[in-house]
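This report refers to the structure that appears directly beneath it.
Computed from a predicted model, the values in this text were never measured in an experiment. Positions are given from 1 along the sequence. The figures here come from the full heavy-atom set of this structure, side chains too, leaving out hydrogens, waters and symmetry mates.
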Amino acid sequence: MQMQLNSKTILNGINKAGRFKSKEKTKPALQFILLNVNTDNLEFIASDNEVYYKHVEPVAEGITKTGSFLIPSKLEEALRKVSGTVSLTLKGTTLKFEAKGINASIPVAVYNDFPKEPTGEVGPAIQFSKEQLLEIVNQCGYASATNDTRPVLKGLNMSGQNGEFQVVSTDSHRLVKKVRKQAIELPALTIPTKTLKSVLESLEDEVDFVMAPFGTQLIIKTDAQEIFIRLITSIYPDTSKLAVIGDDYIKVKVNTKEITDALETVMLFAEEKSKGKNVLLESKGDQLRISVKGENGEIEHFINAEGEEFTKTAMNAKYLITAVNAHKKSTTDLLFKKGKSEAPVFIMCDDETLVQLILPIRIKQ
């Protein structure tokens, strides 16, 4: 392998792919970026076993001999210290690096277990802009599980049928469902939430891309990148009967900022439980009373509320704050089941595409 290129060209590829290198020391090959030097482009490839990321940098001239190697960390460091044209020549397992006033020889690691590019059959395209997809991920993703107790709950479950595109996320304590009108027949896919968000954030803001199932992967393709995300293949739980609001629910409308500020204040007095800090909600005429009483003292905070009276209900304050702010609307509707303090509480707004619910905490009698 031999080439003579501007250092910025190589660094751009390294910066793009570098965020998807693995930090797992048990798989040394994945701690490197694989560079494929072709006649008219450079392919920068990184993988952490969940994502296989390939960035292509077009090259008009400067490549005199093709080849492949794992980019040594010392080369990355050296490239950040120089500017202008650099020369790279690979002989065996030694990389010769030349720049203005610099001559260096860098050993190149050799591993035969770097992942191959995934193969599969491309499924139906999921057509959204980066902004639209990130909105869906942010609105739904907060309810995904973060621990490995049930790995399938760490993902967003996407499906499309009968002219609707649906995304569901749950950690078994809360649930979010987003439904948009879109004519797409898409079999249910479960995509790791954290990984999908990281990949979307790595894309340029106005970039055009295609996203589609690809065997056991999800492929996201732009003019410069091919990104494969490993799907979660376990069966996602059936949540269709949970996100249903019956006629026996009553609505309480509050100002989103007011309830957020009140919850954050009252939380200061709440005891830290395994799942967070719990507060008590109850009707007081045309006000909502949020309170805590415990070892840290007691506090009550009243905010204006419109609606019928509901049964006293205990809830996880952090879950409720996240939910009321997910829709980014000025007002929030809290829906309580009449006479049932342990029934799911729905958090709604004037965005009919979004349904959120939280399971209350059992109140000790």
Exercise. Are E24 and T26 close enough, and set up right, to give a side-chain hydrogen bond (donor to acceptor under 3.5 Å, both in side chains), and what steps lead you there?
Worked result: CA-CA 5 Å; E24 279 287 338; T26 56; 3.2 Å; yes
For this session: Begin with the C-alpha distance, continue with both residues' side-chain angles, and end with the deciding distance and a verdict on side-chain contact (heavy atoms from CB on, under 4.5 Å) for M267 and I321.
Result: CA-CA 11 Å; M267 275 175 58; I321 289 172; 3.6 Å; yes
For this session: Apply side-chain contact (heavy atoms from CB on, under 4.5 Å) to the pair Q225 and F209, showing each step before the final yes or no.
Result: CA-CA 9 Å; Q225 287 99 18; F209 67 92; over 6 Å; no
For this session: Would you check, one step at a time, whether the test side-chain contact (heavy atoms from CB on, under 4.5 Å) holds for R19 with S202?
Result: CA-CA 9 Å; R19 67 189 296 172; S202 75; 3.5 Å; yes
Exercise. Can V59 and V37 be said to form a side-chain contact (heavy atoms from CB on, under 4.5 Å), step by step?
Worked result: CA-CA 10 Å; V59 176; V37 181; over 6 Å; no
Problem set entry | Worked verdict on N36 versus S68 for side-chain hydrogen bond (donor to acceptor under 3.5 Å, both in side chains) | CA-CA 4 Å; N36 291 331; S68 300; 2.7 Å; yes
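Using a 4.5 Å cut-off on side-chain heavy atoms (C-beta onward), E271 and N296 make contact. Contact check for F128 versus E135: no side-chain heavy atoms found under the 4.5 Å cut-off. Inter-residue side-chain proximity for T190 and S234 is flagged as unmet; no heavy-atom pair is nearer than 4.5 Å. No side-chain heavy atom of L242 sits under 4.5 Å from any side-chain heavy atom of T170. Looking only at side-chain heavy atoms (C-beta outward), M315 and I358 come within less than 4.5 Å of each other. The shortest distance between side-chain heavy atoms of V345 and F310 does not fall below 4.5 Å. Residues K81 and I102 have side chains not in contact (no heavy-atom distance under 4.5 Å, counting atoms from C-beta outward). L203 places a side-chain heavy atom less than 4.5 Å from the side chain of I227.
One distance of note links NZ of K96 with CG of N103; it measures 6.0 Å at 0.5 Å rounding. Considering CG of D333 and SG of C349, their distance stands at 8.0 Å, rounded to 0.5 Å. Distance check, rounded to the nearest 0.5 Å: OH of Y52 to CG of L30 gives 11.0 Å. Between L5 atom CG and I63 atom CD1 the span is 5.5 Å, to the nearest 0.5 Å. Atom CG of residue L35 and atom CD1 of residue I14 lie 8.0 Å apart, to the nearest 0.5 angstrom. Annotation: the span from F69 atom CZ to L75 atom CG amounts to 6.0 Å, rounded to 0.5 Å.
The pair D48-K23 does not count as a salt bridge, with every side-chain nitrogen at least 4.0 angstrom from each carboxylate oxygen. For E57 and K8, the salt-bridge test fails: no basic side-chain N is under 4.0 Å from an acidic carboxylate O. Under 4.0 Å is where a charged nitrogen must lie from a carboxylate oxygen, and between D248 and K338 no such pair does. Between E76 and K21 there is a salt bridge, with a side-chain nitrogen of the basic residue lying less than 4.0 Å from a carboxylate oxygen of the acidic one. Under the 4.0 Å criterion applied to side-chain N and carboxylate O atoms, E50 and R230 are not assigned as salt-bridge partners. At a threshold of 4.0 Å, the pair R80-E77 does not count as salt-bridged, since none of the basic side-chain nitrogens sits closer than that to a carboxylate oxygen. Using a 4.0 Å cut-off between charged nitrogen and carboxylate oxygen, R180 and E164 do not count as a salt-bridge pair.
At a threshold of 4.5 Å between side-chain heavy atoms, the hydrophobic network of Ile, Leu, Val, Met, Phe, Trp and Tyr places M348 and I259 in two separate groups. Hydrophobic clustering of Ile, Leu, Val, Met, Phe, Trp and Tyr side chains at less than 4.5 Å, counting indirect connections, keeps V279 apart from L357. Both I220 and L186 are members of a single hydrophobic cluster when ILVMFWY side chains are connected at heavy-atom separations under 4.5 Å. Under a hydrophobic clustering in which Ile, Leu, Val, Met, Phe, Trp and Tyr are joined whenever their side-chain heavy atoms come within less than 4.5 Å, directly or via other members, F214 and I191 fall into different clusters. Note: the hydrophobic cluster containing I347 also contains I303 (ILVMFWY, side chain heavy atoms under 4.5 Å, direct or indirect links).
Residues A109 and F32 come closest through the heavy atom pair CB-CZ, 3.9 Å. Closest of all the heavy-atom pairs between N278 and A270 is O-CB, 3.8 Å. Heavy atoms only, all atoms of each residue included: N12 and H55 are closest at ND2-NE2, 3.8 Å. Closest of all the heavy-atom pairs between Q31 and K25 is NE2-CA, 3.1 Å. Scanning all heavy atoms of the two residues, the minimum distance from V82 to A99 falls at CG1-CB, 4.2 Å. Nearest heavy-atom pair, V254 versus N304, reported as atom, atom and distance to 0.1 Å: CG1-O, 3.9 Å.
Within the 3.5 Å criterion, the main-chain N or O of K194 finds no donor-acceptor partner in the side chain of S198. Side chain of S7 to backbone of L79: no donor-acceptor contact under 3.5 angstrom is found. Without hydrogens or angle criteria, N38 side chain to D40 main chain gives no donor-acceptor distance under 3.5 Å. The main-chain N or O of G285 is never found under 3.5 Å from a side-chain atom of S283 such that the two would form a donor-acceptor pair. With hydrogens and angles ignored, the 3.5 Å screen pairs no side-chain donor or acceptor of S87 with any backbone N or O of E98.
Paired with K154 under the rule side-chain hydrogen bond (donor to acceptor under 3.5 Å, both in side chains), one option of D148, N147, D171 passes, and it is D148. T332 pairs with exactly one of Q356, H327, K253 by the side chain to side chain contact (heavy atoms under 4.5 Å, CB included) rule, that one being H327.
No more than 12 heavy-atom neighbours from other residues, nucleotides or ligands sit within 6.0 angstrom of NZ on K251. Other residues, nucleotides and ligands contribute at most 12 non-hydrogen atoms within 6.0 Å of the CD atom of E204. Atom CG of D208 sits in a sparse spot, with 12 or fewer heavy atoms from other residues, nucleotides or ligands closer than 6.0 Å.
Ring geometry for F346 against Y249 counts as perpendicular: the plane angle is over 60°, on a 0 to 90° scale with 30° as the lower cut.
Side-chain contact check for T353 and K178: at least one donor-acceptor pair (N or O, by modelled atom type) lies under 3.5 Å.
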